[in-house]
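Below is one structure, written out as structure tokens, with a few remarks after it.
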Amino acid sequence: MKNAILFVGIALLLGADKADKPANDVKKDLDLFQGTWIVVSLETEGGKVEGDAVKGSKLTVKGNDFTFDSMGVIYKGTFKIDPAKKPKEMDITFTEGPEKGKSEQVLYEVDADTYKLCLKPGGGERPKAFKATDGCIIEVLKREKK
């Protein structure tokens, strides 16, 4: 009987750990997003755009809110992430700026220094893979150095 109770207790603890894992993954990735990011490149079916063509584009993230300044045009909004999906998914909703009221379905990768996203501009369907094909754009950002 004692072993059965111990087994049930361990099973409950393991189950609780698995239930918390998605929330922990969201928090982990959300923490990685915090701060300021600089756009370093864009890739389309036509090729890669770097340097002066993307210079000055900056993304600032605080919580689930973002501000994106691209050549003096300000976009603001919110985002939700799902790191359990493979590849990871993000839903963006614009609350201010030229895209106000619109949303984007995005794929993302993030680590301590690099944030990469893939999207179909104009609110198209979510890309299936990180490829600059079928109208998809890949954007790479690096964390701003202090």
Side-chain angles (χ1 to χ4, degrees), residues 7-146:
F7 177 76
V8 170
I10 291 171
L12 287 173
L13 286 173
L14 291 174
D17 184 48
K18 286 182 183 177
D20 291 342
K21 187 166 178 10
N24 290 339
D25 289 347
V26 169
K27 182 179 180 343
K28 178 182 163 199
D29 277 9
L30 189 58
D31 287 349
L32 288 170
F33 278 112
Q34 304 308 300
T36 303
W37 301 85
I38 307 298
V39 177
V40 294
S41 72
L42 295 172
E43 184 178 352
T44 66
E45 287 182 88
K48 207 169 199 177
V49 179
E50 301 176 297
D52 289 342
V54 295
K55 188 175 183 178
S57 295
K58 184 186 287 193
L59 172 73
T60 304
V61 177
K62 186 173 184 179
N64 285 87
D65 298 321
F66 70 87
T67 301
F68 184 65
D69 181 346
S70 180
M71 296 180 270
V73 179
I74 306 296
Y75 302 81
K76 291 187 178 186
T78 61
F79 65 98
K80 292 180 183 177
I81 57 174
D82 186 349
K85 299 283 177 113
K86 300 295 181 222
K88 295 177 179 183
E89 296 181 356
M90 174 187 295
D91 293 326
I92 298 171
T93 302
F94 294 97
T95 58
E96 293 182 37
E99 300 296 315
K100 182 178 179 178
K102 296 181 181 175
S103 61
E104 296 283 349
Q105 297 181 351
V106 178
L107 300 179
Y108 79 92
E109 296 174 0
V110 66
D111 64 31
D113 298 313
T114 305
Y115 166 36
K116 184 176 169 183
L117 62 117
C118 181
L119 65 107
K120 281 189 176 181
E125 68 182 40
R126 189 182 318 276
K128 305 291 184 230
F130 268 93
K131 293 184 180 177
T133 57
D134 298 324
C136 293
I137 294 174
I138 297 174
E139 190 170 331
V140 178
L141 300 91
K142 293 287 185 180
R143 186 172 299 282
E144 183 177 62
K145 295 186 174 153
K146 296 182 182 191

Kindly list each side-chain donor-acceptor pair under 3.5 angstrom involving residues 120-140, sequence neighbours excluded, with atom names and distances?
residue	atom	partner	partner atom	Å
R126	NE	E89	OE1	3.4
R126	NH1	M90	O	3.0
R126	NH1	D91	OD1	3.3
R126	NH1	V106	O	3.1
R126	NH2	D91	OD1	2.7

Legend entry - Pairs flagged by salt bridge (charged side-chain N to carboxylate O under 4.0 Å, His left out) wherever residues 30-42 is involved - sequence neighbours left out: K27-D31
Legend entry - Pairs meeting criterion ring pair (Phe, Tyr, Trp, His ring centres under 6.0 Å) with involvement of residues 40-59, two or more places apart: none
Legend entry - Pairs satisfying side chain to side chain donor-acceptor pair (under 3.5 Å), at least one member in residues 92-110, at least two apart: D29-Y108
Inset, instruction - Using the test side chain to side chain contact (heavy atoms under 4.5 Å, CB included), find all partners of T36 that sit at least two apart in sequence or belong to another chain. - result: K58, T60, E144
Inset, instruction - Please name all residues satisfying side chain to side chain donor-acceptor pair (under 3.5 Å) with K85, sequence neighbours left out, ordered by chain then number. - result: none
Inset, instruction - Determine, step by step, whether L141 and L117 satisfy the side chain to side chain contact (heavy atoms under 4.5 Å, CB included) criterion, reporting the C-alpha distance in whole Å, the side-chain angles of both residues, the deciding distance to 0.1 Å, and the verdict. - result: CA-CA 9 Å; L141 300 91; L117 62 117; 3.9 Å; yes
Legend entry - Sub-4.5 Å side-chain heavy-atom contact between Y115 and L59: yes
Let me check something: any side-chain donor-acceptor pairs from residues 68-84 under 3.5 Å, sequence neighbours excluded? List them with distances.
residue	atom	partner	partner atom	Å
D69	OD1	G72	N	3.1
S70	OG	S57	OG	3.3
D82	OD1	A84	N	3.1

Legend entry - By salt bridge (Lys or Arg N to Asp or Glu O under 4.0 Å) - contacts of E43 (at least two apart): none
Legend entry - Where W37 and D111 come nearest, the two heavy atoms and their spacing: CH2-O, 3.7 Å
Inset, instruction - Rounded to the nearest 0.5 Å, what's the gap from CG on L107 to NZ on K116? Could you check? - result: 10.5 Å
